[in-house]
Protein chains: 2
Amino acid sequence: MSSENGRSPVMADVARLAGVSHQTVSRVLNGHPNVRPETQARVQAAIEQLGYHRNSSARALVTRRTNVLGVVTFDTTLYGPASTLSGIERAAREAGYFVSIVTLTDISRASVREALDYLAEQSVEGCIVIAPQRAAVESLTDVSVARPLVAVEGGRAPGLPVVCVDQVGGARAVTEHLLGLGHRTVHHVAGPMEWLEAEGRVQGWREALEAAGAPIPEPLRGDWSPRSGYEIGLRLAEDPRITAVFVANDQMALGVLRALGEAGIRIPEEVSVAGFDDVPEAEFFTPPLTTVWQNFSDVGRRSIRLLVDQIDRRARKGSAGATETEEDLRDVVPARLVVRASTAPVQLR
Amino acid sequence: MSSENGRSPVMADVARLAGVSHQTVSRVLNGHPNVRPETQARVQAAIEQLGYHRNSSARALVTRRTNVLGVVTFDTTLYGPASTLSGIERAAREAGYFVSIVTLTDISRASVREALDYLAEQSVEGCIVIAPQRAAVESLTDVSVARPLVAVEGGRAPGLPVVCVDQVGGARAVTEHLLGLGHRTVHHVAGPMEWLEAEGRVQGWREALEAAGAPIPEPLRGDWSPRSGYEIGLRLAEDPRITAVFVANDQMALGVLRALGEAGIRIPEEVSVAGFDDVPEAEFFTPPLTTVWQNFSDVGRRSIRLLVDQIDRRARKGSAGATETEEDLRDVVPARLVVRASTAPVQLR
DNA sequence: CTGAAAGCGCTTACAG
DNA sequence: CTGAAAGCGCTTACAG
């Protein structure tokens, strides 16, 4: 695999073996035209014989392109971020980029900046930040960032392209579904205030209630965990006027189902429960959960497209300086209601 | 942030501003001794004033080190791989490495090779393959790999360092727990044959039954999904002799719980059910699931340590050639039984 | 269609 | 303690 003297082969070794100059090897490697077919074949043969791989650092040094994209993400063991990351990675590879990731453990402004600086040291050509918290988004707009950037689930941010799922629309759809079943109103178990997705879902829920002229109860706040859903569920069980609950994610919905179940409340006969995310398990909860599906691979694809567009545009202009203010790019991916057995027409409790 | 003429600043710009040569800047950046404190301060000031970042490609070209590690993983929306990836990423960063990931969609020998070749083009210094399938491991041993490699959940492979959770021990513990509750035997819902983790769990279960002199039923095969657990659960529900089921992961266990529930079978009064993984939801299943916890962040830490050790050893020897056969490194992380409400002493059904 | 030359931005001995 | 020189392995005009 390596050349005779033990080090890995370089372009010059290939050139020598093929009886050409190293520029010709470079041309073959880069698919330039103007190489005689037989020369090309000789070079290819030499490359294979030596097991030659182009040195990516040398190439990056001269082309000023690393072909690396950075992704900053938060807690990849949550279903949403994990699915998004996976979609991003696939789309990036298809676009010819490598993906370097940093997982955040805490979500302060400082830690996001730190992650971006860290990725900058690796000379990434652009970054995607999966940062659904308010603090994260602010940390992105605070400083004029030197290189292309896309926020996923980022909320509205001036000059920062954003790709997000239509949280508001999804929440509205699930709330309307519950109202349509005859429920007088719908209670809401929300995610943490700092999370933009949590706010979007609150907003959609509120809009649907307002449009229907239904009473708007105070939302109860969980932290996305099944445990928080369970604890809130215990409280919900005590109020007999509650007949419908929209929970901001499936994990918390699981906790709510469990708490209501323990209290002897039958679902959906006495209380309807709906979630958000459509995790693979949701279909097998007891009962199977009505929820909202998000197209994460689409989110990945679109965010890579937005990022690569920025990179290409900048490359064409040849400017490494500040970006001129771009129009507010905001790509909203629709959400889809999935109706299962945890929601039903209202009955007396 | 950039130098006057619009391009990003280079070492020479810093040198000029600080009134030193660019070598001195390099020394400061690399923390070399033998730089006068005041020179160092001047250089630091110039670096900050210009917003200078060292060009990583140029550095990698001359040091022959990219500081990038590759991770090949399979379906990061599964709890195990996602948690492992997250542990690896954190440990790598602490060790001063960047992490470049490739997510596999199918798990053929060819796709693993392709992913490794892809990472090789980025000049990663070593790779971790989270590849719990037989085919993946074989693809790693098949070809003598040019650079350091560690397999996670890889089974026994000659010359290939492996970090894995003690699947056999975990499965034995959960089976012994069920036998200890008085069950005559324990049925098993296994994962797919190609998965080494599935096989380890079958083995531990079988060993425990053999040691107890209990009958050994044929394991039923699922595909890790809740749906497959559900379908197998429907069959289990029909056999009244079954009183205890060990399911190879929590997602399938959820499906089993659901199927038994639909059949009117009470858990754990009539049938005990246990899982494996301890996903965050497991505690909130109905009933809360007895399962086995795996320390994924430890797996991440240990696999990075093994990989970095290999890299350092190679760097010291200065050999880029073939690795000499190393002792079979195999780092086994213990698993821990977590008893909850889904398992109970045997009763008549 | 192909080669000789310059240069990308660093680090690493080597002098002093 | 600091600088002049060489070189890492490529690509990119520029000749021919």
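The chains referred to below are lettered A, B, ... by the order of the sequence lines, with proteins before strands, and numbering in each begins at 1. Not measured: the values here are computed from a predicted model.
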Nucleic acid contacts of residues 56-63 of chain B, taken as heavy-atom distances under 4.0 Å to DNA chain C: B:Ala58, B:Arg59, B:Leu61, B:Val62, B:Thr63
With sequence neighbours excluded, residues passing side-chain hydrogen bond (donor to acceptor under 3.5 Å, both in side chains) with [X]:
X	value
A:Arg302	A:Asp298, A:Asp331
A:Glu89	A:Arg93, B:Thr103
B:Gln122	B:Ser100
B:Arg59	B:Asn30

Pairs involving residues 61-73 of chain A, ordered by first then second residue, that meet salt bridge (charged side-chain N to carboxylate O under 4.0 Å, His left out) (sequence neighbours left out): A:Arg65-A:Glu125
For A:Ala151, side-chain contact (heavy atoms from CB on, under 4.5 Å) partners two or more places apart: A:Leu140, A:Leu160, A:Val162
Set of residues satisfying side-chain contact (heavy atoms from CB on, under 4.5 Å) with respect to A:Leu17, sequence neighbours excluded: A:Ala46, A:Gln49, A:Leu50
Along DNA chain C, first and last positions that approach a heavy atom of chain A under 4.0 Å: C:dC1 to C:dG9
Minimum side-chain heavy-atom gap A:Met11-A:Leu29 below 4.5 Å: yes
Listed once per pair and sorted, the side-chain hydrogen bond (donor to acceptor under 3.5 Å, both in side chains) pairs that draw on residues 35-47 of chain A, sequence neighbours left out: none
Pairing stems for DNA chain D [at least three consecutive pairs; Watson-Crick or G-U; under 3.5 angstrom]: C:1-3 with D:14-16, C:5-12 with D:5-12, C:14-16 with D:1-3
Ring pair (Phe, Tyr, Trp, His ring centres under 6.0 Å) contacts in which one or both residues fall within residues 22-46 of chain A, not counting sequence neighbours: none
Sugar-phosphate only, base, or nothing, as touched by A:Arg27 at under 4.0 Å among non-hydrogen atoms: base
